[in-house]
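First up is the structure itself, then whatever we jot down about it.
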Amino acid sequence: MGLLFPSSLPITYFTMTTRRRPQVSTRKQPQQVRSTGLVTAILQAAVQVLAQEGATRFTTARVAERAGVSIGSVYQYFPNKAAILFRLQTDEWQQTTDMLRHILEDASKPPLERLRVLVHNFIRSECEEAETRQALSDAAPLYRDAPEAQEVRASADQTIDLFMAEVLPRATAATRTLAGDLITTTLSSVGSSFSGTRHTEAEINAYADAMADMFCAYLKSIQQD
């Protein structure tokens with residue numbers, strides 16, 4: 001099932017290649033407060049460089065300079081720029097996954113109301129972080145084939161599967177999978193396109209409402225079959 005991450009993980013993510021893959025795992029995990037602070041400073045600098053320079057001009061040296069540390073300090077934790085970008089990407093994925101789980105597993109609200117809340121939150125998030133997300137999308141070829149990239153998808157996939165089983169309890173597994181794929185792929189693709197230009201809060205809300213209406217009507221039609 002597709003995740004809500006296509007703006008940073010294009011369809012070509014699934015294309016296997018024979019070229020040598022860069023290492024995207026960190027060299028080591030920070031153990032002390034000082035080390036954790038250093039990694040945080042590196043990642044904050046990386047976000048700034050990525051937003052200002054784009055993926056094509058993103059380098060480890062520029063990150064080190066922006067963070068005010070030696071390039072050797074960066075290499076202690078990140079072996080190359082792909083590792084830095086992948087860490088930024090996985091942090092974004094984790095935030096999206098946490099949002100997904102928090103909203104869709106909230107049993108205090110009816111399922112379709114949860115879906116509406118998710119659409120609004122996702123579209124707003126796309127608009128607020130458009131520059132960084134686009135740059136990460138441009139950088140995706142550096143890590144899209146890495147095994148680590150596939151592992152981070154499992155949790156969100158499971159959340160979507162469970163939600164679809166709740167919304168469509170009488171539907172077949174194939175129908176639920178199709179519905180989940182359709183909604184998540186459409187939301188991600190359209191959200192990415194919509195966030196490509198600046199919009200007012202009113203425009204964002206109107207757009208999210210229209211998408212939520214469409215998704216809810218689609219699921220209701222399946223429920224009645």
Side-chain angles (χ1 to χ4, degrees), residues 2-14 21-31 33-102 121-157 184 187-189 191-193 195-196:
L3 283 179
L4 296 176
F5 308 137
S7 63
S8 302
L9 189 62
I11 294 174
T12 48
Y13 168 89
F14 296 101
R21 298 171 182 169
Q23 180 183 349
V24 295
S25 297
T26 55
R27 289 190 186 277
K28 64 178 182 178
Q29 296 298 322
Q31 301 297 323
V33 174
R34 181 179 179 182
S35 299
T36 301
L38 174 59
V39 170
T40 299
I42 291 171
L43 293 175
Q44 289 175 342
V47 170
Q48 295 170 8
V49 172
L50 188 63
Q52 294 177 9
E53 303 288 346
T56 57
R57 290 177 53 81
F58 183 92
T59 65
T60 306
R62 284 192 172 92
V63 172
E65 181 180 5
R66 180 61 60 88
V69 301
S70 69
I71 194 168
S73 296
V74 176
Y75 283 139
Q76 285 183 19
Y77 299 96
F78 302 99
N80 49 47
K81 70 176 185 179
I84 301 175
L85 290 167
F86 184 68
R87 171 61 185 273
L88 295 179
Q89 180 66 92
T90 53
D91 284 352
E92 182 195 325
W93 282 336
Q94 189 60 56
Q95 291 172 5
T96 302
T97 300
D98 290 345
M99 177 183 70
L100 189 75
R101 185 182 301 110
H102 176 73
N121 278 267
F122 184 77
I123 294 297
R124 182 170 290 104
S125 175
E126 284 283 290
C127 291
E128 291 174 350
E129 303 170 9
E131 290 183 357
T132 300
R133 289 177 187 247
Q134 181 56 54
L136 285 173
S137 178
D138 294 340
L142 292 173
Y143 50 73
R144 67 187 176 205
D145 295 331
E148 297 95 327
Q150 300 181 41
E151 293 172 4
V152 299
R153 301 172 59 86
S155 178
D157 278 349
T184 55
L187 179 57
S188 297
S189 300
S192 176
S193 176
S195 65

For this session: Report the distance from atom CG of Leu50 to atom CZ of Arg62, rounding to the nearest 0.5 Å.
Result: 12.0 Å
Exercise. Is there a donor in the side chain of Gln95 and an acceptor in the side chain of Asp91, or the other way round, less than 3.5 Å apart?
Worked result: no
Exercise. Is a donor on one side and an acceptor on the other found under 3.5 Å between the side chain of Ser195 and the backbone of Gly191?
Worked result: yes
Seminar exercise, completed: Tightest non-hydrogen contact, residues Thr60 and Asn80, listed as OG1-C, 3.9 Å
Exercise. Donor-acceptor pair, Thr40 side chain versus Thr36 backbone, under 3.5 Å?
Worked result: yes
Problem set entry | Side-chain heavy atoms of Leu38 within contact of Tyr77, under 4.5 Å | yes
Exercise. What is the distance from atom CD1 of Ile71 to atom OG1 of Thr59, rounded to the nearest 0.5 Å?
Worked result: 7.5 Å
Problem set entry | Other residues, nucleotides, ligands: >12 heavy atoms within 6.0 Å of Gln48 CD | yes
For this session: In sequence, state the C-alpha distance, the side-chain angles, and the governing distance for Phe58 and Ile84, and then conclude on side-chain contact (heavy atoms from CB on, under 4.5 Å).
Result: CA-CA 10 Å; Phe58 183 92; Ile84 301 175; 3.8 Å; yes
For this session: Run the numbers on Thr184 and Phe122 for side-chain contact (heavy atoms from CB on, under 4.5 Å), then give the verdict.
Result: CA-CA 11 Å; Thr184 55; Phe122 184 77; over 6 Å; no
Problem set entry | Rounded distance [0.5 Å steps], CG in Leu100 versus CG in Asn121 | 11.0 Å
For this session: Can you measure from CZ (Arg66) to CD (Glu53) and round to the nearest 0.5 angstrom?
Result: 7.0 Å
Exercise. Going from OG1 on Thr90 to CG on Leu88, what distance comes out if it is rounded to the nearest 0.5 angstrom?
Worked result: 8.0 Å
For this session: Please name the pair of heavy atoms, one in Ala45 and one in Val63, separated by the smallest distance, quoted to 0.1 Å.
Result: CB-O, 3.7 Å
For this session: Determine, stepwise, if the pair Leu187 / Ile123 fulfils side-chain contact (heavy atoms from CB on, under 4.5 Å).
Result: CA-CA 8 Å; Leu187 179 57; Ile123 294 297; 3.9 Å; yes
